[in-house]
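Here the structure is a predicted model, which means the values were calculated and not measured.
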Amino acid sequence: MLNAADATEPREISIGLPDGFTYVIDNGLPAVYYYNPLALSTHWRNDLSLESTSLVSVSEAAITTGYIGYALNSDVRLGSAQFAGFLNYQTNHFGMQQFDLNVSGKLAKDLYYSASIFQSFDPGSFKLKFTNYNDRTQFYKGVITKKLAGNKGKISLLYKYSNSHRLTLVTGQAPFIYVGDGSVKQYNDFHLGTSSYVPIDGKIEYLDLRDGAYKSIFMNDATLNKSNEVAVLTNFNFDSGHTLTINAKYLGSLASMVYQTPMGLAYNGTPASSGFRYSDTGDAYTGDVQTRMSCFNRGDFNNLMLTAELKKAARFHDWRIGLNQWYYHGDYASNTTMYRNSVEAYPRKLVDSAGILYFDYNKNASEYYKGFENRLAAYATDTDSWDITSRFNLYYGMRLEYYKLKGKNLPYDRYAGFIKGGVSPLSGQTISEQNFNHDWLNTVGTLRLKYAFTDKITGHGEFTYNTQRPRMENFSASENPATDPISVPMARVGLGYTNHWLEATSMFTWIQKKNNYTRLNLMDPEDESNVVARAFNYDIETYAWVNDAVVRPFKNFDLHLMFTYQKPKYKKYATEAFGKSYDFTGKIVTGVPEVLVEIDPAYQITGKLRSWVSFRYFSKTYANLSNALYFNGRWETFGGLNYEVNKHLTLNATVINFLNQTGAKGSIDGAELKTKEEIAANPEAYKNVLMTGSYIRPLTFEISANIKF
């Protein structure tokens, strides 16, 4: 699950749909309920407090959580009769220091403990002027376990405290030159990944949407996330052969997230860049000018979640029935501000000829909601152990979810100075909270078949149908979302082949997502200073051919290979903005590659020394909705050595991005809505263009030591 874009979270496993992420299930419950503003890595990491992690299939995730996509399952490390200690220390050549410790053992008869500490001091790949760390995260976790007599089960009480300041969403943007042929090149002396494009003052000015007061805060303070989690984890074994698991937790958080989203760029010598001065000194500035939207998202959140499962292993069936009772309450607001800065390493903020530094408060992407959602779901599966014949195997499952959503929001067109209780200059309305109240039934069904043609060749078939409805966060913008069902049918068919040196599968997949909800901040192609937010629903359809193989041609050598070809297309993708209608139906989804390749060789050099390399190829991705502009394909690379010194100590050396590629991506300001015809009529306007976008982690050398005691 190595991630070339972010060291703190597992990578996304593509199923051809945009806006995806790898959903994490912790002890049978969501690690975090929403990923905005409580980002996963601010409360969960793959650290030593975990006993195990495993990948969850798309169909299994749909049945047990209702989520669409792959998931990662993790289970906490519990104490046992023997004392055990684990320590991991990790550092890199940029100065990151990470400490991870777990100790566990016995307190008394049938009473055990496990305690963990995780500390990250990560300055990132360049120095920030206003704080020491790009990621400063600390977790403290303790578990007490009581084992029941006669092997009847166990009961565990868990407490976890997390405190995290994570600036990776702020620091992951940079300027570069889009050449025009899909490639990028360096802008002046700015180096992607090792030069800072974060405003040097590290300050956010905003108009508080809740109370109408103008306020300021430093970015490091604005990214504060504090969470307290209390969980009860139980497992009971019955003489009848039934097993009952009941896991419940309370998670309370102050959650924050900050974006510094690049909007327009004005080039040196153009009228838009004249008359600017540095805000800190008043000196004249005549270089390139970056317009940014600052988004400060914060809220208080309380979650009560319970999952229960009853299982029974029978002669021909291993059946399971489960229950989810997940309650989420949020009080959330996002405040937005526009400002301009110089285009250089450690940029400085600018004022225009009228002396204006900050403007368009809450005009664009400001958000607000207060309320709750509740998911009460029952599910049942009959697992892979049902062999209808010696060759034919069947898995099926179903989920029925009652989904209740109730709260208050501000569904009004945004304007400069938008606040709760204000008067809209657009409509004359007073901005007051409006109620929304919905309840729905969501359903999931899955059927998976396997048929052994021979002892080496197996046929596979699968169909999953998932329905969802808008989530609480979808009610936070300027208009309420459509409430029609979001349906996701997925079908797969393929073959598997296995012998003593090869395990291979080839699968064809079809996925469709109907009535998907999105919100975009669109820039006027004729006036980059004019930005509007648009929310609408659209469809996506994807075809994919996935080939996956593990090859063991000789002793001590493993080679994993994967090739994916996918065709994700927009369906019914239309909106209106700036007095025009736009329709991009049939276009390839932006930012999603059509070809994915993985090559992962590993060799056990000696009994104690192992080497490995991972190559991942992502083909070109489109940079605007009409598919006229694109970024060339890129390689993400990792490599390492693992040396087991003895049974107590293992040393690891890892190189990230050893090909030193940029992985740059984004969109060219003013070109997102441009059609192929408009771009073809003026191709020079899209060559050697200065733009701002994101990139993958730069060349990084890491070493770590794992100690068992």
Side-chain angles (χ1 to χ4, degrees), residues 1-3 8-15 20-32 35 40-41 43-78 80 84 86 88 100 102 104 114 116 118 139 141 143 154 156 158 160 231 233-235 243 245-247 249 305 307-309 311 313 318-320 322 324 379 381-385 393 395 397 399 444 446 448 450 460 462 464 490 492 496 498 503 505 507 546 548-550 558 560 562 598 600 602 612 614 616 638 642 706:
M1 302 300 287
L2 292 168
N3 190 341
T8 64
E9 295 191 356
R11 68 183 172 107
E12 175 193 342
I13 301 175
S14 176
I15 60 169
F21 53 87
T22 300
Y23 191 82
V24 174
I25 306 164
D26 193 30
N27 302 308
L29 300 162
V32 298
Y35 283 26
L40 172 68
S41 63
H43 188 66
W44 181 97
R45 307 244 177 135
N46 190 4
D47 60 14
L48 289 174
S49 71
L50 304 179
E51 179 69 34
S52 63
T53 58
S54 57
L55 190 65
V56 179
S57 69
V58 175
S59 56
E60 173 73 0
I63 290 294
T64 57
T65 70
Y67 173 68
I68 299 167
Y70 288 98
L72 190 68
N73 185 67
S74 64
D75 292 295
V76 68
R77 189 187 300 274
L78 302 177
S80 60
F86 303 89
N88 176 266
D100 192 1
N102 173 266
S104 62
S114 177
S116 303
F118 175 89
F139 298 158
K141 183 186 290 186
V143 187
K154 55 194 173 187
S156 298
L158 177 152
K160 180 178 182 179
L233 314 174
T234 67
N235 179 267
T243 299
T245 300
I246 304 175
N247 293 342
K249 77 175 181 181
M305 294 180 279
T307 291
E309 284 191 352
K311 301 178 182 178
D318 286 357
W319 57 262
R320 167 185 63 174
N324 298 145
Y379 58 89
T381 63
D382 197 344
T383 67
D384 290 341
S385 63
N393 182 274
Y395 167 95
R399 175 186 179 90
V444 178
T446 188
R448 194 165 67 218
K450 289 193 295 185
H460 299 265
E462 178 182 347
T464 298
M490 181 188 77
R492 286 178 170 174
T498 305
E503 297 174 22
T505 12
M507 300 284 288
V546 180
D548 192 275
V550 176
D558 290 343
H560 171 247
M562 188 186 75
E598 290 192 24
D600 307 310
W612 59 274
S614 179
R616 300 179 193 150
F638 307 83
N642 311 119
N706 297 315

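- Scanning both residues, Asp600 and Ser614, for their nearest heavy atoms gives OD1-OG, 2.7 Å.
- Formation of a donor-acceptor pair under 3.5 Å by the Lys160 side chain with backbone atoms of His43 is found in this model.
- In this structure, Ser52 OG and Asn73 CG are separated by 7.0 Å, a value rounded to the nearest 0.5 Å.
- The heavy-atom pair separating Asn247 from Asn27 by the smallest distance is ND2-O, 2.8 Å.
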Pair Ser57-Glu462, side-chain contact (heavy atoms from CB on, under 4.5 Å): steps then yes or no: CA-CA 11 Å; Ser57 69; Glu462 178 182 347; 5.7 Å; no
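- Among all heavy-atom pairs drawn from Arg45 and Leu50, the shortest one is O-CD1, 3.7 Å.
- At least one side-chain heavy atom of Met507 sits under 4.5 Å from a side-chain heavy atom of His460.
- Note: Lys311 NZ to Asp318 CG = 9.5 Å, rounded to the nearest 0.5 Å.
- Trp319 is not listed as a side-chain neighbour of Thr381, based on a closest heavy-atom distance of 4.5 Å or more.
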Worked check of side-chain contact (heavy atoms from CB on, under 4.5 Å) between Lys450 and Tyr395: CA-CA 9 Å; Lys450 289 193 295 185; Tyr395 167 95; over 6 Å; no
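- Thr464 and Thr446 form a side-chain donor-acceptor contact under 3.5 Å, judged by distance and modelled atom types alone.
- Between the CG atom of Asp75 and the OG1 atom of Thr53 there is a distance of 9.0 Å, given to the nearest 0.5 Å.
- Put simply, the side chain of Asp47 never gets that close to the backbone of Asp100: no donor and acceptor are under 3.5 Å apart.
- Note that the CZ atom of Arg492 and the OG atom of Ser59 stand 7.5 Å from one another [nearest 0.5 Å].
- Considering only heavy atoms from C-beta on, His560 stays 4.5 Å or farther from Trp612 through its side chain.
- The shortest non-hydrogen separation linking Thr243 to Asn235 is CG2-ND2, 3.6 Å.
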Intermediate values then yes/no, side-chain contact (heavy atoms from CB on, under 4.5 Å), Val143 and Leu78: CA-CA 7 Å; Val143 187; Leu78 302 177; 3.6 Å; yes
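- Distance alone, capped at 3.5 Å, is enough to place a donor-acceptor pair between the Thr307 side chain and the Gly28 backbone.
- Atoms CG and CG, from Leu72 and Leu55 in turn, are 6.5 Å apart once rounded to the nearest 0.5 Å.
- Side-chain contact between Val56 and Tyr23 is absent, with no heavy-atom pair separated by less than 4.5 Å.
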Ser49 vs Asn102, side chain to side chain donor-acceptor pair (under 3.5 Å): CA-CA, chis, key distance, verdict: CA-CA 6 Å; Ser49 71; Asn102 173 266; over 6 Å; no
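- A pairwise comparison of heavy atoms in Lys249 and Ala231 identifies CB-CB, 3.6 Å as the closest pair.
- Minimum interatomic distance between Ser74 and Trp44 (heavy atoms only, all atoms of both residues): OG-NE1, 3.2 Å.
- With no hydrogens or angles considered, no side-chain donor-acceptor pair links Arg77 and Ser104 at under 3.5 Å.
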Step-by-step side chain to side chain donor-acceptor pair (under 3.5 Å) determination, Glu309 to Tyr379: CA-CA 9 Å; Glu309 284 191 352; Tyr379 58 89; 2.6 Å; yes
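- By the 4.5 Å heavy-atom criterion applied to side chains, Thr64 and Arg320 are counted as neighbours.
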